[in-house]
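Notes to accompany the following structure.
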Amino acid sequence: MSKPIVVKVGGSAGINYDFVCDDVAALVREGQRIVLVHGGSHELNLLSEKLGKPPRFLTSPQGFTSRYTDAETLDLFAMVYAGKMNTRIVERLQKRGVNAVGLSGLDGRLLEGPRKASVRAVIDGRQVLVRDDYTGRVEKVNRDLLSLLLEHGYTPVISPPACSTEGEAINVDGDRAAAMIAAALSADQLIILSNVPGLLRYFPDESTLIPELRYANLEQALGFAEGRMKKKVLGASEAIAGGVRQVVFGDARIERPILNAMQGRGTVIRA
Ligand code: ADP
């Protein structure tokens, strides 16, 4: 059997999930095993606004941003990610004849890692410690559970939250979780799809797409990435370090997003 491919589709505005699911179905029909990981940030922002709890973000001293996830936000997070987004993606795949199984990182401790005791953030130029944040980082993937599904012809569709070491639901970065999954499955490639054509040297100028990157230059590439794009570069670096042959940042707004990325359209990262 071919090595699996891990596809991460983001949650930002403009992403076309129908196009993504068309490609997953085409590949699965050809016998390719796929694990699909998804986000939901835009939908979560919309729901949070609607419910009168506008999203808040924390910026670390290193310049990484993350959603401030207190217990109430975590409920909304689960509603959108493990609820609406996951269900609708599984539905799209079922309509296309793919027997998809939706799971959050809590199911079977699929994505596990420690919850951060506190998060250091910069607010109004001052460093503060935030303690009621339910966030963490995936350190362990339940590979057996994924292999079991893949070997029986199911297509796993996975989203955060993850499971903390103590069994709590925690918000984790989807790109880095996908990187851990790809490494755990010894995937051939990790395809990270979003609402941009790839990593842009001068964001948002799409004509400045970086077509190729080497692992050794990722540190430097981190300098071009702003905000949440930084996590994708970090995820790419973790996947390659974990033995994944190739990572591609591709565009999920266009038709054939996965096939295009597999053919090298986007930013291709190799060891
Ligand atoms: P998703 O939720 O789809 O995974 P994110 O919003 O987390 O995507 O990250 C993608 C976003 O990163 C883009 O929409 C863009 O606004 C931002 N970004 C910041 N710097 C860059 C860059 N250098 N190249 C491409 N996108 C960038």
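FYI, side chains are in, hydrogens and waters are out, and symmetry mates aren't considered; it's all heavy atoms of this structure. Order of appearance sets the numbers: ligands from 1, and atoms from 1 within every ligand.
Under the side chain to side chain donor-acceptor pair (under 3.5 Å) criterion, T135 pairs with D133, sequence neighbours left out.
Between K232 and D175 there is a salt bridge, with a side-chain nitrogen of the basic residue lying less than 4.0 Å from a carboxylate oxygen of the acidic one. Contact check on R56 versus D70 returns a salt bridge, with a Lys/Arg side-chain nitrogen under 4.0 Å from an Asp/Glu carboxylate oxygen. R115 and E166 are not joined by a salt bridge, as no carboxylate oxygen comes within less than 4.0 angstrom of a charged side-chain nitrogen.
For residues 77-104, every residue pair satisfying the ring pair (Phe, Tyr, Trp, His ring centres under 6.0 Å) rule, not counting sequence neighbours, is listed here: F77-Y81.
The contact shell of ligand 1, taken as protein residues with any non-hydrogen atom closer than 4.0 angstrom, comprises K8, G10, G11, S12, I15, S41, S194, N195, V196, G198, L199, L200, F203, F224, A225, E226, R228, M229, K232.
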Identify each donor-acceptor pair in which a side-chain atom of residues 216-224 lies under 3.5 Å from a protein atom, sequence neighbours left out, and give them as a table.
none

